[in-house]
Amino acid sequence: MGVKKFAVLLCAEDSEYVKKKYGGYFGVFVRMLAEEGETWDVFHVARGEFPDDDDVGSYDGYVITGSCNDAHGNDVWICKLIALLKQLDSLRKKVLGICFGHQVLGRSLGAKIGRSLKGWDIGVTTVHLLSSSSSKLFSSLKMPAVLPVIECHRDEVWELPAKAEVIAWSDRTGIEMFKYGEHMMGIQGHPEYTKDILLHLIDRLLQRNFIVDSIAEEARARVEELEPDREMWKKVCINFLKGRL
């Protein structure tokens, strides 16, 4: 059996903090998902760096990261990413989309996406798994009915195409998770984030005027209210990506 190969499609620029402490967001994802005997590569798609056409089929799975860009935008790299995701769908490759990745994956499949009517969701959010979906999809993992996860987004998936299935929701976001076939899954939250990464991100968003002081203060308070179940989210992501569900 050959070595399993995975690729991270990096849609964000690394902050100095994440670069110094975790080796960038690629390092954060590898820390959560990588297992012995695997090869992990990174493509900085937000800079226009994509896998060669000849190499696309050689990967067993792909992870699409978060981003400060809008998944409903038409930047050249976003349009190119959507074309790649359509190709991965046709190849039935495993694809896991996180936050922006969840939204852009949905868009590539025909979902309607855009700004959330409820504004920013920053903090630790309780996500509710839909029993009909989660019992079948995650039965081997003994999933709880609710899972806290770190969130940081103001866009969302509004409506999925007919063949996609909502598998989790929250009070703030109707589509927290979806799956499409057995090979594609989106998660609106950030299973890979630690609280310190989120707190530094809140500071960056404030400095760049993405959010105002009152939202930042509320977000910092929400970070302290609840602990994300990072181990269970890690199991979900690994078992999906590697075909163990």
Would the distance check show the side chain of [X] and the main-chain N or O of [Y] forming a donor-acceptor pair, the cut-off being under 3.5 Å?
X    : Y    : answer
D55  : P51  : no
T65  : C11  : yes
H190 : E192 : no
K94  : E182 : yes
K195 : V223 : yes
W233 : P228 : no
T173 : S170 : no
K242 : L33  : yes

Can you tell me how far [atom2] of [Y] sits from [atom1] of [X], rounded to the nearest 0.5 angstrom?
X    : Y    : atom1 : atom2 : result
L160 : I175 : CG    : CD1   : 4.0 Å
H200 : R204 : NE2   : CZ    : 10.5 Å
K235 : M32  : NZ    : CE    : 14.0 Å
I122 : L205 : CD1   : CG    : 5.5 Å

Quick one: do M143 and V236 satisfy side-chain contact (heavy atoms from CB on, under 4.5 Å)? Show the steps, please. CA-CA 9 Å; M143 297 278 285; V236 170; 3.4 Å; yes

Pairing of [X] and [Y] as salt bridge, 4.0 angstrom limit:
X    : Y    : result
E227 : R230 : no
E16  : K19  : yes
R222 : D121 : yes
E159 : R107 : no
K80  : D75  : no

Would R154 and S116 satisfy side-chain contact (heavy atoms from CB on, under 4.5 Å), going step by step from the backbone distance to the final call? CA-CA 6 Å; R154 62 174 170 176; S116 168; 5.7 Å; no

Donor-acceptor side-chain pairing of [X] and [Y] below 3.5 angstrom:
X    : Y    : result
W40  : E38  : yes
D203 : Y17  : no
K5   : S58  : yes
D89  : H183 : yes

Evaluate side-chain contact (heavy atoms from CB on, under 4.5 Å) for Y22 paired with D14, printing each intermediate quantity in order. CA-CA 10 Å; Y22 298 100; D14 293 324; over 6 Å; no

Check each of E156, Q188, H72 against Q103 using the side-chain hydrogen bond (donor to acceptor under 3.5 Å, both in side chains) test, and report the only one that passes.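 Filter result, single survivor: Q188.
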
Does I215 form a side-chain contact (heavy atoms from CB on, under 4.5 Å) with I202? I'd like the steps, not just the answer. CA-CA 9 Å; I215 292 176; I202 291 168; over 6 Å; no

Worked check of ring pair (Phe, Tyr, Trp, His ring centres under 6.0 Å) between F100 and W77: CA-CA 13 Å; F100 167 93; W77 71 269; 5.6 Å; yes

same_hphob_cluster([X], [Y]) at 4.5 Å side-chain heavy-atom cutoff:
X    : Y    : value
L129 : V146 : no
L226 : M232 : yes
L91  : Y180 : yes
W158 : I78  : no

On the ring face of Y59, is K93 found with NZ or CZ under 6.0 Å from the centre and within 45° of the axis?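 Relative to the ring axis of Y59, which defines the angle, K93 lies outside at least one limit.
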
Taking the six-membered ring for Trp and the single ring otherwise, decide whether the centroids of H102 and F178 are under 6.0 Å apart.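 Centroid distance H102-F178: below 6.0 Å, so yes.
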
